[in-house]
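Quick note: numbers below take in every heavy atom, side chains included, and nothing from hydrogens, waters or symmetry partners. Nothing fancy with the numbering, it's 1 onward along the sequence.
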Amino acid sequence: MATPPANGPQATTVRHEPFEPAGAGAAIERWTLQAGPYEASVLSLGATLHTLVAPDRQGRPAQLLLSTDRLTEILGPARHYGTVVGRYANRIDRSAVTVGGEEFPLAPTGNGVTLHGGPDGFAHRMWAAEELPAGVRLRLHSPDGDQGFPGALDVTVDYTLAPSGELTVEYRAVTTAPTVINLTNHAYFNLAGEGTGDVLGHLLTLDADGYTPADERQIPYGRVEPVAGTPFDFTTARPIGKSVHDEHPQLTGPGGYDHNWVLRARPADGDPVRAALLEDPVSGRTLEVLTTEPGLQVYTANAFQGAVTGASGVPYGPFAGVALETQHFPDSPHHPEFPSTVLRPGEEFRSVTVLRLGVS
């Protein structure tokens, strides 16, 4: 069903239908938001940002996210593509957290860590969805002890699309007991269009003067190091591929970027400010990422080996897209020197990220 435009042809329309007409896919809702030349689709499975369409400088549209309509791949190798990951995005070392002086073992995902909230994290859940005036709201209840985390958590994620090309993602959560929380969206972007090749020629600017170096499992050591004079210096625009293969000890292990950048100070009023600018010189498409979060995990799909095939029919290999994950720092519960991720009863977790599309 579709909501008619409220204020003329430039207003956002919202419609939804089953992801597939039959089988397991019929239980998954696909919500499509349309505003001017921009379109986004969201799946109720994993609160997934599934597609994002925007025009190039000639006005030609393209789908900019790595994604697949094959349910077997969505449940398998693409299980984190565009999903909301939590309770705790990124890695927690030793698969345990201590909250209020009590240690809580977490469900492990291997390699001595709990990644993205555990093996049955939020990315694998069916979220309840309801229409908003210019988007969709998704709700999830996470019971006390879910994947080992303390406290029952109630989470909402709102996706709203404006005719200006701004897709806003707003997260809120409350808890019944002290817990830790770190939510993000795990979309992979290719501004030339999914399946068109790698993103090594994309220009990236990061509003960050430091990053958190990590061990071979991508667990931060706890210190912040300056990016100046290193392959991690994106304070001015540079191609993603310029230094991605450098013989730097932080790059040779993961085979590229998979690191947390420490963003410049966020304003006290809680409004999102710019964290990153991604540009495709060929198509002219640009993506500004604004956020209230203190960190940005940049992952350049180093380990992709063609296990997922997009709508273009092209398997996704290394560097087929780039994830720009707005979040708190990895393993913050074990690093009191990092911004806290603790949420207590009576408080509300709120995080806002804006994806602002445009052309240059």
Side-chain angles (χ1 to χ4, degrees), residues 45-48 66 68 70-99 103-126 140 142-150 153 179-188 211-222 249-260 295-308 315-323 325 327-335 338 341:
L45 175 64
T48 301
L66 304 193
T68 176
R70 296 177 175 87
L71 188 56
T72 54
E73 292 184 0
I74 290 173
L75 298 174
R79 61 188 176 277
H80 286 137
Y81 283 30
T83 58
V84 170
V85 289
R87 268 185 211 198
Y88 199 96
N90 220 310
R91 295 157 177 85
I92 294 180
D93 196 14
R94 303 190 298 277
S95 294
V97 294
T98 299
V99 183
E103 183 172 277
F104 296 88
L106 305 178
T109 52
N111 210 20
V113 306
T114 292
L115 174 67
H116 293 334
D120 185 25
F122 291 179
H124 312 127
R125 308 289 175 85
M126 291 292 292
L140 182 69
S142 174
D144 183 24
D146 190 1
Q147 303 296 285
F149 290 95
L153 200 70
T179 191
V180 293
I181 183 171
N182 189 24
L183 302 178
T184 193
N185 183 277
H186 209 296
Y188 291 94
Y211 78 108
T212 52
D215 67 16
E216 67 280 358
R217 299 170 304 139
Q218 299 309 109
I219 297 294
Y221 295 118
Q250 284 291 305
L251 292 176
T252 53
Y257 297 108
D258 189 7
H259 295 79
N260 169 66
L296 183 75
Q297 185 85 9
V298 178
Y299 176 46
T300 47
N302 319 321
F304 283 19
Q305 297 296 332
V308 176
Y316 297 143
F319 312 110
V322 58
E325 304 163 56
Q327 57 188 262
H328 272 57
F329 304 169
D331 200 36
S332 287
H334 292 136
H335 294 283
F338 288 171
T341 56

Exercise. Once you round to the nearest 0.5 Å, how far does OH of Tyr299 lie from CG of Asn260?
Worked result: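 Rounded to the nearest 0.5 Å, the OH-CG separation comes out at 16.0 Å.
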
Exercise. Taking atom CD of Gln147 and atom CZ of Phe104, what is their separation to the nearest 0.5 Å?
Worked result: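 So the CD of Gln147 and the CZ of Phe104 are separated by 15.0 Å.
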
Taking C-beta and beyond as the side chain, do [X] and [Y] meet within less than 4.5 Å on heavy atoms?
X	Y	result
Tyr211	Val298	no
Leu183	Phe122	yes
Gln297	Asp258	yes
Arg91	Leu115	yes

Exercise. Mind checking whether Phe304 and Tyr81 have parallel, tilted or perpendicular rings, split at 30° and 60°?
Worked result: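 Judged by the thresholds at 30° and 60°, the geometry between Phe304 and Tyr81 is parallel.
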
Exercise. In terms of the angle between their ring planes, are His259 and Tyr257 parallel, tilted or perpendicular, with boundaries placed at 30° and 60°?
Worked result: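 His259 and Tyr257: perpendicular rings.
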
By side chain to side chain contact (heavy atoms under 4.5 Å, CB included) - contacts of [X] (at least two apart):
X	answer
Pro108	Ser95
Asn111	Arg217
Ala96	Glu103
Pro105	none

Problem set entry | Sequence-distant partners of Phe319, ring pair (Phe, Tyr, Trp, His ring centres under 6.0 Å), two or more places apart |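 For Phe319 the ring pair (Phe, Tyr, Trp, His ring centres under 6.0 Å) partners, ignoring immediate neighbours, are His245.
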
Exercise. With Arg125, which residues qualify under salt bridge (charged side-chain N to carboxylate O under 4.0 Å, His left out), at least two apart?
Worked result: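 For Arg125, the residues satisfying salt bridge (charged side-chain N to carboxylate O under 4.0 Å, His left out) (neighbours in sequence not counted) are Asp120, Asp146.
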
Problem set entry | With Asp144 via salt bridge (charged side-chain N to carboxylate O under 4.0 Å, His left out) - residues at least two apart |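 Applying salt bridge (charged side-chain N to carboxylate O under 4.0 Å, His left out) to Asp144 gives none.
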
Could you go through residues 70-77 and list every donor-acceptor pair under 3.5 Å that involves a side-chain atom there, pairing it with any protein atom two or more places apart or in another chain?
unit_1, atom_1, unit_2, atom_2, d
Arg70, NH1, Thr309, O, 3.0
Glu73, OE1, Thr68, OG1, 3.2
Glu73, OE1, Thr309, N, 3.2

Sequence neighbours left out, what passes side-chain hydrogen bond (donor to acceptor under 3.5 Å, both in side chains) with [X]? Give chain and number order.
X	value
Tyr316	Glu194
Thr179	Arg87
Thr300	Asn302
Gln218	none

